[in-house]
Amino acid sequence: MSMTIIYLAYLVAASLFILGIKGLTKPRTAVRGNQLSALGMFIAVVVTLFDQSILSYEWIIAGVLLGGTIGALMATKIQVTAMPQMVAMLNGFGGGASLFIALASFLDPDSATHIVALISIALTVLIGSVTLSGSFVAFAKLQELISGNPIKVPGNKVINAALLITAIGLSVAIVLDPSNTMLIYALVAVSVLLGLFLVVPIGGADMPVVIALLNSYSGIAAATTGFITGNTVLIVSGSLVGASGIILTQIMCKAMNRSLFNVLFGVMAEGGETIDADEVYAGKVTSSSPEEVAMLLETAERVVIVPGYGLAMAQAQHAVRELASVLEARGAQVLYAIHPVAGRMPGHMNVLLAEAEVPYEQLIEMDEINPQFEQTDVAIVIGANDVTNPMAREDKGSPIYGMPILNVDKARTVVVVKRSLSPGFAGLPNPLFAKDNTLMLFGDGKKAIVDLTQSLKEAD
C-alpha cells in the first residue's frame, strides 16, 4: 500500500473523529457521531494493519472476535445506572493498552532507538499506569466494592508529591539509560501507586470530574503511544480525546464551583458551623400523596421534571416518560431540567432519558431552564438532591456555596419524589424539602411516579 493512500486514509479517519466528536455534543446527533467515530477507527485500524504488512492474522482475528463479543454483551446487558462504572473501566483499559504497547516497544531493541521514542515511552508508561489504576479505583467506588465516600489517607498530599517526583526521576533515568530494564518496571509500580493514591481520597460527588479527567488521561496516553509507533492517526485521535476530556473536566469543575486542584486532592470547601438536619426539617416538611399531587397536575399548564441519580437507581425513566405523555395529552407543556453534574458522569441524565425516548428538544440545560422556573406551575424533582439545594445559593457557610444549582424552589409548587430526607453526596440537609411551596412524595421513585400517573388518569 503506497504512503499516499495511507496518509489519505488517515486523513479521512481523523476527519471522521472530529465530525464524530462534534456530533457527540448534542443528544440528537450523538448516535451518528458515535457511528462516525467508530467508522474512523475501523479505517485507521485496517489501514495500519496493511501498512505494517502483517503476514499472520490469526491472533488479530481472535482478538477482534473475543473483544467484539465482550463489547456486544456489555452494550446490551449493562444497565444505564451502571454506565458510569463501565466508562471508568473502559478508560482504564485504554490506559492499560497504551501502557503495554510502551512496554513492548521498550523491550524491543529495534523500536526504542531514538530520543523521541524513549521520552514517549516514559510518558506513556507514567500516564497509562496512572489511568489504569485510577480508573479501576473509580470503578470500585462507583460499583460500591469500596466506599464511595472520600477515603482519607494520612499524608496523602506528601505521598502523591513523592510518587510524582519519583516517577519523573525514573522517566528521566529511562531516557538516559534505556539498557536498564528494571527502571521501566519501577516506573510502572510507582505510577500505579500514584493512580491509586490520587483517586482513593476523592468522594462520590466529584466522580463526574474524575471520569472526565481519566478519559482525558487515556487520550493523552494514546497520543504519546502514537509517537512511539510513528502512527499519525493515533496521535490525532489521542490528542482529540485528551483535549476534549480536559475541556469537559473544566466544564464539570465550573458546574460544581470546584477547582481541579481541590478535586484531585479531595479538598472540600470549608464550612461554618455543622448544619443540624433536625433544625432544617423539624415541623416544616409537608408530606403528600399521589392523589394530592395528581390534583395539582390536573390544572398545571407548565411542568418541569428534574431528574437525578435517584431516578436512575429506581429505573424510573420509562415511568417518567409515561407521566409526561399523560400530562401532554391534557395540554400541559413538559420540560426536563438537566444539571451538568446530575448523576455520576457527564451526560448521565441525557443518556437515561434518551433510553426512554424522551424528545431531545425537551431536555433543557441549567442556564436556559433556570429563568423559566418562576413561570412553572409544578416542578417535579426525582432523586436529585445537591443540584437543587438552595444552600449553594444562600448559605455562605455551606461547603457547596457558589455551586450553580437548578432554581426549582422558585416554581409555584415543588414536588420532591424521594425515599427519605437523607442527604446527597455532599452530606448536607436540603432546605428545599422544608419550604412552604414544597410537597414531599416519599417512596420508591418508580412506584411513586407510576401511582401518580395512575391517579392522574383516573381523574379524567
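When a residue number appears, it is its place in the shown sequence, counting from 1.
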Original post:
Minimum heavy-atom separation for Ala222 to Leu234, with atom names?
Top reply: O-CG, 3.4 Å
Original post:
What distance do Leu187 atom CG and Ile168 atom CD1 have between them, rounded to the nearest 0.5 Å?
Top reply: 10.5 Å
Subject >> Beyond-backbone contact of Tyr336 with Ile369, side-chain heavy atoms, under 4.5 angstrom >> reply: no
Original post:
Taking atom types as modelled, is there a side-chain donor on Gln333 or Glu301 under 3.5 Å from an acceptor on the other?
Top reply: no
**OP:** Please answer whether the main-chain N or O of Pro201 pairs with a side-chain N or O of Asn156 as donor and acceptor at a distance below 3.5 Å.
**Re:** no
**OP:** Return the orientation label for the His348 and Tyr309 ring planes: parallel under 30°, perpendicular over 60°, tilted otherwise.
**Re:** tilted
Subject >> Closest contact, heavy atoms only, Ala167 versus Ser191 >> reply: CB-OG, 4.3 Å
Original post:
Any donor and acceptor pair, going by atom type alone, linking the side chain of Asn407 with main-chain N or O of Lys410 inside 3.5 Å?
Top reply: no
Original post:
When you look at CZ of Phe100, are more than 12 heavy atoms from neighbouring residues, nucleotides or ligands closer to it than 6.0 Å?
Top reply: no
Original post:
Residues in side-chain hydrogen bond (donor to acceptor under 3.5 Å, both in side chains) with Lys418, at least two apart?
Top reply: Ser422
Subject >> Student check: side-chain heavy atoms of Thr224 and Ser98 closer than 4.5 Å >> reply: no
Original post:
Quick one: OG on Ser37 to CZ on Phe42, what's the gap to the nearest 0.5 Å?
Top reply: 15.0 Å
**OP:** Determine, stepwise, if the pair Met440 / Leu421 fulfils side-chain contact (heavy atoms from CB on, under 4.5 Å).
**Re:** CA-CA 9 Å; Met440 298 296 300; Leu421 295 174; 4.0 Å; yes
Original post:
What are the two closest heavy atoms between Cys253 and Val209, and how far apart are they?
Top reply: SG-CG1, 3.8 Å
Subject >> Side chain proximity check, Leu297 to Val303, heavy atoms < 4.5 angstrom >> reply: yes
**OP:** Taking atom CD of Glu328 as the centre, report whether more than 12 heavy atoms of other residues, nucleotides or ligands fall under 6.0 Å from it.
**Re:** yes
Original post:
Are Phe136 and Phe93 an aromatic pair by the rule of ring centers under 6.0 Å?
Top reply: yes
Subject >> Minimal non-hydrogen separation, Gly92 against Leu132, with atom names >> reply: O-CD1, 3.4 Å
**OP:** Determine whether more than 12 heavy atoms belonging to other residues, nucleotides or ligands lie under 6.0 Å from atom CD of Glu361.
**Re:** yes
**OP:** Verify, without hydrogens or angle tests, whether Ser129 (side chain) and Val192 (backbone) share a donor-acceptor contact under 3.5 angstrom.
**Re:** no
Original post:
Rounded to the nearest 0.5 Å, what separation is found between the CD atom of Glu322 and the CG atom of Leu327?
Top reply: 11.0 Å
**OP:** Please determine, by modelled atom types, if Asp409 and Thr438 share a side-chain donor-acceptor pair under 3.5 angstrom.
**Re:** no
Original post:
Would you say the side-chain atoms of Ser135 and Tyr217 include a donor-acceptor pair closer than 3.5 Å?
Top reply: no
Original post:
Passes side-chain contact (heavy atoms from CB on, under 4.5 Å), Val408 versus Val304? Steps please.
Top reply: CA-CA 9 Å; Val408 295; Val304 175; over 6 Å; no
Original post:
If every non-hydrogen atom of Pro84 is compared with every non-hydrogen atom of Ile211, which pair is closest and at what distance?
Top reply: O-CD1, 3.9 Å
Original post:
How long is the span from the CG atom in Leu126 to the CG atom in Leu194, to the nearest 0.5 Å?
Top reply: 7.0 Å
**OP:** Let me see the working for Arg321 and Leu353 under side-chain contact (heavy atoms from CB on, under 4.5 Å), right down to the final yes or no.
**Re:** CA-CA 8 Å; Arg321 178 69 179 94; Leu353 296 171; over 6 Å; no
Original post:
Considering all heavy atoms of both residues, which atom of Pro307 and which atom of Ile338 are nearest to each other, and what is their separation?
Top reply: CG-CD1, 4.0 Å
**OP:** Say whether Asn389 and Asn385, considering side chains only, have a donor N or O and an acceptor N or O under 3.5 Å apart.
**Re:** no
Original post:
Glu365: what forms a side-chain hydrogen bond (donor to acceptor under 3.5 Å, both in side chains) with it, not counting sequence neighbours?
Top reply: none
**OP:** State whether the number of non-hydrogen atoms from other residues, nucleotides or ligands found under 6.0 Å of Met74 atom CE is greater than 12.
**Re:** yes
Original post:
Within a strict 4.5 Å, meaning less than it, do heavy atoms of the Leu439 and Val414 side chains meet?
Top reply: no
**OP:** For the pair Glu357 (side chain) and Ala354 (backbone), establish whether a donor and an acceptor sit closer than 3.5 Å, ignoring hydrogens and angles.
**Re:** no
**OP:** Mind checking the CG-OG1 spacing from Asn215 to Thr131? Nearest 0.5 Å is all I need.
**Re:** 9.5 Å
**OP:** Using the salt bridge (Lys or Arg N to Asp or Glu O under 4.0 Å) rule, take Asp377 and Arg412 through it: C-alpha gap first, then chi angles, then the decisive distance, then the call.
**Re:** CA-CA 5 Å; Asp377 295 308; Arg412 295 186 181 94; 2.8 Å; yes
**OP:** Rounded to the nearest 0.5 Å, what's the gap from CG on Leu24 to CG on Leu248? Could you check?
**Re:** 11.0 Å
**OP:** Test side-chain contact (heavy atoms from CB on, under 4.5 Å) on Val236 and Tyr10 and set out the steps.
**Re:** CA-CA 9 Å; Val236 172; Tyr10 282 167; over 6 Å; no
**OP:** Find out whether Lys141 and Gln85 are in side-chain contact, i.e. whether some heavy atom of one side chain is under 4.5 Å from a heavy atom of the other.
**Re:** no
**OP:** Please tell me if the side chains of Lys457 and Arg330 come closer than 4.5 Å, counting only heavy atoms from C-beta onward.
**Re:** no
Subject >> Side chain proximity check, Val387 to Met366, heavy atoms < 4.5 angstrom >> reply: no
**OP:** Verify, without hydrogens or angle tests, whether Asn91 (side chain) and Gly219 (backbone) share a donor-acceptor contact under 3.5 angstrom.
**Re:** no
Subject >> Side chain to side chain, Leu335 and Thr376, heavy atoms closer than 4.5 Å >> reply: no
